[in-house]
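Just below is one structure, and these are the notes that go with it.
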Amino acid sequence: MGNVIIFFAGMLATIGIGTKLKINIGLVAAAFAFVIGTAVGGLSGSRIIGLFPTTLFLNYLLATFLFGFAGHNGTLKKLANHILYTCRNAGWLLGLLFFAVVYIASALGSGNSAPFFTSAILFSLAGQAGIHPLLVPVAIWIGSMIGSDMPWASGYAVDVGQLEIYYDPATTVQYVTSFYIWRAAFFIGVYLVLFVILKGYKVKSSTLELEKPEPLDRKQKQSLAIIFAIIAAMILSAALTTLLPGVIPASVSNVFSFQTLSALGIIANILLKTAPYEDVLKHRIPWDTLLMLTLTGMYMALSEPLGVIEYLTQILQTSVPTNLILPGIVLLMAVMSFFVSGAVIIPMMLPLISVFSGVLNISPAAVYCATQVGLTASSISPFSQGGASALSGCADEAVRKKLLKQQTLLSIILAAILVVVAGLGGFSMLY
């Protein structure tokens, strides 16, 4: 009991101190990990260092480093502009293309930065076409979220790396993939429903004004070619090993893994000088986020040697109605992510997945999905990173004020829907 209280007190203190003093939460978490691990858990310093999530660190580093070249030399921004310019007079499909453009930009590596270079253009097009402005931040939010789920994107690297602290690689991929499919189906459905309700198909027939972007230069074409080559190699190797199991050995997929291909892609970008190597290293790798994710993960890994998981399992089995646990998780995640970044919250929940799974007698994939989707539900709020970045390009102050209220209301509605879904067993299909 004492270890459990100390563990969660340390976690809350980490968030509180880091937020109050504006210190990287990961650095505070690392300090608490060594203090609590040695003084309370009796662990050696080397044992605590061994809890460091190496896979998460390398996956995130390689993904952001690789796509940092295309981001730094303007490839992804210019590609998005070309797609929008080509499709500017797509008629009733324009509102759906908003989602597609952000998805493509995110899937090609821009990730969380996609909203910042697409938002202004999409708001301008929506205003000219008479499309309801709420569809713009929703399209950006969902498109960047799902685009970052691709196996070569930074979002995927983070989720796999965090979960591999507690499960083997094959199981981790299974759980993450199940969650991605569930989330994509749900939120694409949300966008389509809003598209119909808000009459996004009613577009003014007048020609839309959009400045023709400059063509991609040589270095931008090279960085884009490297990205497409890596994606093609990953897809092709996975397809061949699946379709021809007796001919193509499974080890081929390991050779053409994202880690190997991204390392080669980074070297190719450096040799071709697609962007200044030093600038990409300094400015395009989010070191602050990387430290937060990995060092917080190291602290959360203390939960097992401190006996936190074993204690919570006993409490849940004897004291909490099982039918309220999963809806409660979704609600708690939604409420917390409304105020705190989900990147801070999710490491806290990962060591508890197996606990809830055992108590509820459902797959850990279902609990993991419920946890992550709960965090996602309220991230359209303008007070969260996702909602705020999607709103960044809105220049009309009157429209912005309306969207602040509408996005807040939408986040509450989505959270409520997902709590009901959890109560009705909507996540239990994941096994």
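Quantities reported herein were computed from a predicted structural model and do not represent experimental measurements.
The shortest side-chain heavy-atom distance between T118 and L84 does not fall under the 4.5 Å cut-off. A 4.5 Å side-chain heavy-atom check between I165 and M300 finds every atom pair outside the cut-off. A 4.5 Å side-chain heavy-atom check between F69 and T75 finds every atom pair outside the cut-off. Counting heavy atoms from C-beta on, the side chains of L326 and F356 never come closer than 4.5 Å. Looking at L281 and W287, their side chains come closer than 4.5 Å, going by heavy atoms from C-beta outward. Side-chain contact between S379 and W141 is present, with heavy atoms from C-beta onward closer than 4.5 Å. F123 has its side chain within reach of L403: a pair of non-hydrogen atoms, C-beta onward, lies under 4.5 Å apart. In this structure the side chain of N59 never reaches within 4.5 angstrom of the side chain of V158, judged on heavy atoms.
For residues 17-53, every residue pair satisfying the ring-ring contact (aromatic ring centres under 6.0 Å, His included) rule, not counting sequence neighbours, is listed here: F52-F57. Legend: salt bridge (charged side-chain N to carboxylate O under 4.0 Å, His left out) pairs involving residues 25-40, not counting sequence neighbours: none detected. Note on residues 41-58: no pairs pass salt bridge (charged side-chain N to carboxylate O under 4.0 Å, His left out), not counting sequence neighbours. Within the structure, salt bridge (charged side-chain N to carboxylate O under 4.0 Å, His left out) pairs that include any residue of residues 138-154 comprise D149-R183 (at least two apart or interchain).
Under the side-chain hydrogen bond (donor to acceptor under 3.5 Å, both in side chains) criterion, T54 pairs with no residue, sequence neighbours left out. Every residue two or more places apart in sequence or in another chain that forms a ring pair (Phe, Tyr, Trp, His ring centres under 6.0 Å) with Y368 is listed here: F179. Looking at residues two or more places apart in sequence or on another chain, you find no ring pair (Phe, Tyr, Trp, His ring centres under 6.0 Å) involving F98. Shown here are the side chain to side chain contact (heavy atoms under 4.5 Å, CB included) partners of L93, two or more places apart in sequence or in another chain: A90, L96. Residues forming a side-chain hydrogen bond (donor to acceptor under 3.5 Å, both in side chains) with T55 (at least two apart in sequence, or on another chain): E164. Applying the side-chain hydrogen bond (donor to acceptor under 3.5 Å, both in side chains) test to W152 and every residue at least two apart in sequence or in another chain returns nothing. Annotation: side-chain hydrogen bond (donor to acceptor under 3.5 Å, both in side chains) contacts of T177 (sequence neighbours excluded): none.
The distance from atom CG of L293 to atom CD1 of I346, rounded to the nearest 0.5 Å, is 11.0 Å. The OG1 atom of T296 sits 9.0 Å away from the CG atom of L27 when rounded to the nearest 0.5 Å. One distance of note links OG1 of T171 with CG of L163; it measures 9.0 Å at 0.5 Å rounding. Here the straight-line distance linking atom OH of Y167 with atom CD1 of I353 works out to 5.0 Å at 0.5 Å rounding. Taking NZ from K401 and CG from D396, the interatomic distance works out to 10.5 Å, rounded to the nearest 0.5 Å. Note: H132 NE2 to K202 NZ = 13.0 Å, rounded to the nearest 0.5 Å.
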>> Apply side chain to side chain contact (heavy atoms under 4.5 Å, CB included) to residues L261 and I231 and explain how you reach the verdict.
In response: CA-CA 9 Å; L261 294 172; I231 294 173; over 6 Å; no

> Between T371 and F427, is a side chain to side chain contact (heavy atoms under 4.5 Å, CB included) present by the stated rule, with each step listed?
Replying inline: CA-CA 10 Å; T371 302; F427 296 103; over 6 Å; no

>> Using the rule given for side chain to side chain contact (heavy atoms under 4.5 Å, CB included), can you reason through F258 versus M234, listing the C-alpha separation, both sets of side-chain angles and the distance that settles it, and then say yes or no?
In response: CA-CA 7 Å; F258 173 74; M234 290 181 65; 3.8 Å; yes

> Yes or no on side chain to side chain contact (heavy atoms under 4.5 Å, CB included) for Y191 and L135, after CA distance, side-chain angles and deciding distance?
Replying inline: CA-CA 8 Å; Y191 184 71; L135 285 176; 3.9 Å; yes

>> Please determine whether side chain to side chain donor-acceptor pair (under 3.5 Å) holds for the pair Q128 and S124, giving the CA-CA distance in whole Å, both sets of side-chain angles, and the decisive distance to 0.1 Å.
In response: CA-CA 6 Å; Q128 295 178 58; S124 175; 3.2 Å; yes

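The aromatic rings of Y103 and F99 sit parallel, their planes meeting at an angle under 30°, below the 60° perpendicular limit.
A pairwise comparison of heavy atoms in A366 and I362 identifies CB-CD1, 3.8 Å as the closest pair. Contact record, V102 with A139: CB-O, 4.4 Å, taken as the closest heavy-atom pair. Nearest heavy atoms, I146 versus A184: CD1-CA, 3.8 Å. Closest heavy-atom contact between Q406 and L134: OE1-CB, 3.8 Å. When all heavy atoms of A126 and V136 are compared, the closest pair comes out as CB-CG2, 3.5 Å. For the pair P115 and I140, the tightest heavy-atom approach, listed with the atom from each and the gap, is CB-CG2, 3.4 Å.
Of the N and O atoms on the side chains of T260 and S257, at least one donor lies less than 3.5 Å from an acceptor on the other residue. Counting only N and O atoms by type, the side chains of D159 and Y180 include a donor and acceptor under 3.5 Å apart.
Tested against L418, the residues I413, L331, V373, T376 include a single side-chain contact (heavy atoms from CB on, under 4.5 Å) partner, V373.
Atom NZ of K77 sits in a sparse spot, with 12 or fewer heavy atoms from other residues, nucleotides or ligands closer than 6.0 Å.
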Show the atom names and distances, to 0.1 Å, of all donor-acceptor pairs under 3.5 Å that link a side chain in residues 6-26 to residues at least two apart or in another chain.
{"unit_1": "T14", "atom_1": "OG1", "unit_2": "G10", "atom_2": "O", "d": "2.7"}
{"unit_1": "T19", "atom_1": "OG1", "unit_2": "I15", "atom_2": "O", "d": "2.7"}
{"unit_1": "N24", "atom_1": "OD1", "unit_2": "G26", "atom_2": "N", "d": "2.7"}
{"unit_1": "N24", "atom_1": "ND2", "unit_2": "D288", "atom_2": "O", "d": "2.7"}
{"unit_1": "N24", "atom_1": "ND2", "unit_2": "D288", "atom_2": "OD1", "d": "2.7"}

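Looking at S378, its side chain does come within 3.5 Å of a backbone N or O of A334 through a donor-acceptor pair. A donor-acceptor contact shorter than 3.5 Å links the side chain of S119 to the backbone of A390. The main-chain N or O of Y60 is found under 3.5 Å from a side-chain atom of T64 such that the two form a donor-acceptor pair.
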